[in-house]
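Written out below as structure tokens is the structure these notes cover.
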Amino acid sequence: MGTKEEVRDRINIADVIGEYVQLVPAGRGRLKGLCPFHKEKSPSFQVDVEQGYFYCFGCKAGGDMFSFVQRQENLSFADTLRKLADKAGVTVETRYGEKTSRDLYDVNAFALAYFRENLAGAGLEYFRGRGLTDETIERFELGYAPDGWDGLLKRARTRGVNERQLLEAGLLSENVESGRVYDRFRGRVMFPIRDHLGRLSGFGGRVLGDEKPKYLNTPETEAFRKGELLYGLNLAREALKDSPSGGELIVVEGYMDVIAMHQGGFTGAVATLGTALTAEHATLLSRLGVAGLSLMFDRDEAGLKATLSGLDQVLGAKFRVRATSVPNGKDPADAIMSGDIEALRRALAGGIDEIQYRVKAAAEQFGTDTQDGKRKVLMALLPRMQNLDPLDEGAQSMRERACELLGIRPAALLDWISSKAKRKTLTDTEMVGMSSGRSEEDHELALLRQILVNPGLLAKLDGQTPWRNQTVGKVMLAAQGASSPEAILELFRGQPEEGLLIRLLFEGRDPGTLSRAGNEAYEQKVQSYAAAATDDIVVGLNIDSLRGEVELLKSQIGTAAGAEQMAMLRQISELQRAIEAEKRTRRSN
């Protein structure tokens, strides 16, 4: 059976990425081109053929050939593996009973034709009664599933579609006790649900009377996954294409809301299928270039704020998220049909901004005048800040606002977020250490960058450094005895630290477009600089540690007794002399 490693051995990463990006040489073992994941005019996207990784210095995306294809094609890992295995000539065994999505799309297309044929009558009267035009009914392919237990089943038998196919597509239900099968959708107006590529994934059906359930969807199948689909997205994509800077989608609650919004000119409207927005939705929409989401629900401001508070699952996408209510307490469909289009436009132009709401609410609840208040604010904002995906502009914006509000360094905040151990404690010492009064330069990461250039420089360290950055400490420990940067990277393949190491490797070793003759001289300069930089950074770390102790003492001296104050002043004086000594060492080096 084909494995990821076997596929990797047979395919060059440059050949895979070269199908999507025009690559040109950028030095020994390097290629560069325009990043496919964000808009740019100068190439910041690089591929390291020897290491088998890509990295973009612009949007910070990075990984191997599998993660590139997953992101580029919006595929699952299994589908990505199959795609690259086919390219490599490697056979990947299909699991027993696994069906292709194409079979399900074809069966759904057969069912749609049946539902469309039966629209005339009760179904058509319902849609026209809701104010839909014939053009809209046609555009959204609306239909009707007649009453009766086996209308679709009988039609299938005359067209060569068997019961098993209908069951797998979720179009039939089966009585477990008797084994009898019957139509799943009966006496319902039908809403075809297509994925973002326009493939017919399944259906939603609404009863015309008071029967329960009011709405019924296709069950989960290989083609129909509620957490990955958005109703109307295949049509809303056209609105996104017309927006040069990335469009905004309007998320409403129901099928009829989407249809009415489109008919009223709001062609960016979509709806979830009875679920909240998921991480899968966010990944897909980010890939499609969506820049913002406006959540339009029939709720008061308290309900909208509760909605914003529950949006942690949207992490991983670069969205501006706002929540707004429908004017006069109506749902979007009723507002459109009653002619409140201008009121809808005003509502969509306003709303509550997610990031501003979260930061303001946390600051008002806990205050920012004390270390304890700042600590609680950070913990409250953590769920929305902790995604470090560079494409999540929402999390990035919240981190920036938190730094401004609390007066802490961005690098220190990132270090705290990435360390589970620090998140649990967050002592006064750590809060003071995060203060923006210190240099923005993250000395520990800079040191790690030089170690990746030349692992032999680890010998310069005494092994006693109390690393603030837990990731740096973990890598430094694991790297003992490593003979090359590649050996260090191999230790962390597939681990959370891999992305950071890829970035540091690319930043620390950028030979540019040197000729072969210049490579040896370049390598010598790199090694020489790395050794000098390591000495300087180690001194800088010592100075940082001493300054942290000084700041902590200064924060405590005001509440100390007289004798304690004198002792603290002596300690501060000794620490400042030690800092000056370290500075002299740096100058002499």
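Ring pair F57/Y55: centre-to-centre distance below 6.0 Å. Residues F224 and F203 keep their aromatic ring centres 6.0 Å or farther apart.
Between R30 and V49, every side-chain heavy-atom pair lies at or beyond the 4.5 Å cut-off. When side chains are defined from C-beta on, T267 does not count as touching L235, because their heavy atoms never get closer than 4.5 Å. Counting only heavy atoms from C-beta outward, the side chains of I355 and V321 never approach each other to under 4.5 Å. Taking the side chain as every heavy atom from C-beta outward, Y231 and N217 never approach each other to under 4.5 Å. Using a 4.5 Å heavy-atom threshold, the side chains of V69 and K83 count as touching. Within the 4.5 Å cutoff, the side chain of V47 has heavy atoms near those of the L23 side chain. In this structure the side chain of L382 reaches within 4.5 angstrom of the side chain of W416, judged on heavy atoms.
Legend: residues meeting salt bridge (Lys or Arg N to Asp or Glu O under 4.0 Å) with E253, ordered by chain and number and at least two apart, are R299.
To the nearest 0.5 angstrom, L229 atom CG is 9.5 Å from R199 atom CZ. How far NE2 of H38 is from OG of S44: 4.5 Å, rounded to the nearest 0.5 Å. Distance check, rounded to the nearest 0.5 Å: OG1 of T221 to CG of L104 gives 5.0 Å. A distance of 6.0 Å separates CG of L284 from CG of L233, quoted to the nearest 0.5 Å. Distance check: I250 CD1 to L293 CG gives 10.5 Å after rounding to the nearest 0.5 Å. Taking CD1 from I193 and CG from L273, the interatomic distance works out to 5.0 Å, rounded to the nearest 0.5 Å.
Taking each heavy atom of V21 and G33 in turn, the nearest pair found is CG1-CA, 4.1 Å. Among all heavy-atom pairs drawn from A402 and M385, the shortest one is CB-SD, 3.9 Å. Minimum interatomic distance between V359 and R401 (heavy atoms only, all atoms of both residues): CG2-CB, 4.1 Å. Nearest heavy-atom pair across M65 and N12 is CE-C, 4.4 Å. Across all their heavy atoms, I13 and D48 have their closest contact at CG2-O, 4.3 Å. In this structure, P25 and K32 approach most closely via the heavy-atom pair O-CE, 4.3 Å.
The backbone N or O of L277 lies less than 3.5 Å from no partner atom in the side chain of T272, so there is not a single donor-acceptor pair. Put simply, the side chain of Q165 never gets that close to the backbone of V107: no donor and acceptor are under 3.5 Å apart. In this structure, the side chain of H281 engages the main chain of G227 through a donor-acceptor pair within 3.5 Å. Of the possible donor and acceptor atoms, one in the side chain of N108 sits under 3.5 Å from a partner among the backbone N and O of S201.
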Show your working on side-chain contact (heavy atoms from CB on, under 4.5 Å) between I502 and F492 and close with a plain yes or no. CA-CA 10 Å; I502 291 173; F492 293 95; over 6 Å; no
Determine, step by step, whether R194 and L112 satisfy the side-chain contact (heavy atoms from CB on, under 4.5 Å) criterion, reporting the C-alpha distance in whole Å, the side-chain angles of both residues, the deciding distance to 0.1 Å, and the verdict. CA-CA 11 Å; R194 295 185 179 272; L112 176 58; 3.8 Å; yes
Between D195 and N234, is a side-chain contact (heavy atoms from CB on, under 4.5 Å) present by the stated rule, with each step listed? CA-CA 6 Å; D195 65 13; N234 59 307; over 6 Å; no
Test side-chain contact (heavy atoms from CB on, under 4.5 Å) on L406 and V377; report intermediate values, then the result. CA-CA 9 Å; L406 305 177; V377 168; 4.1 Å; yes
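By the neighbour-count criterion of 12 heavy atoms within 6.0 Å, atom CD of E19 is densely surrounded, having more than that number from other residues, nucleotides or ligands. The local environment of NZ in K226 is sparse, with at most 12 non-hydrogen atoms from other residues, nucleotides or ligands closer than 6.0 Å.
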Identify every side-chain donor-acceptor pair in residues 473-480 under 3.5 Å, counting partners at least two apart or on other chains, and give the distances.
residue	atom	partner	partner atom	Å
K474	NZ	E497	OE2	3.1
Q480	NE2	M476	O	3.3

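The existence of a salt bridge linking R322 and E248 is confirmed by a sub-4.0 Å separation between a basic side-chain nitrogen and an acidic carboxylate oxygen. Residues E404 and R399 are not paired through a salt bridge, judged by the lack of any N-O separation under 4.0 Å between the basic side chain and the carboxylate.
Note: F37 and F45 have perpendicular aromatic rings, judged against thresholds of 30 and 60 degrees for the angle between ring planes.
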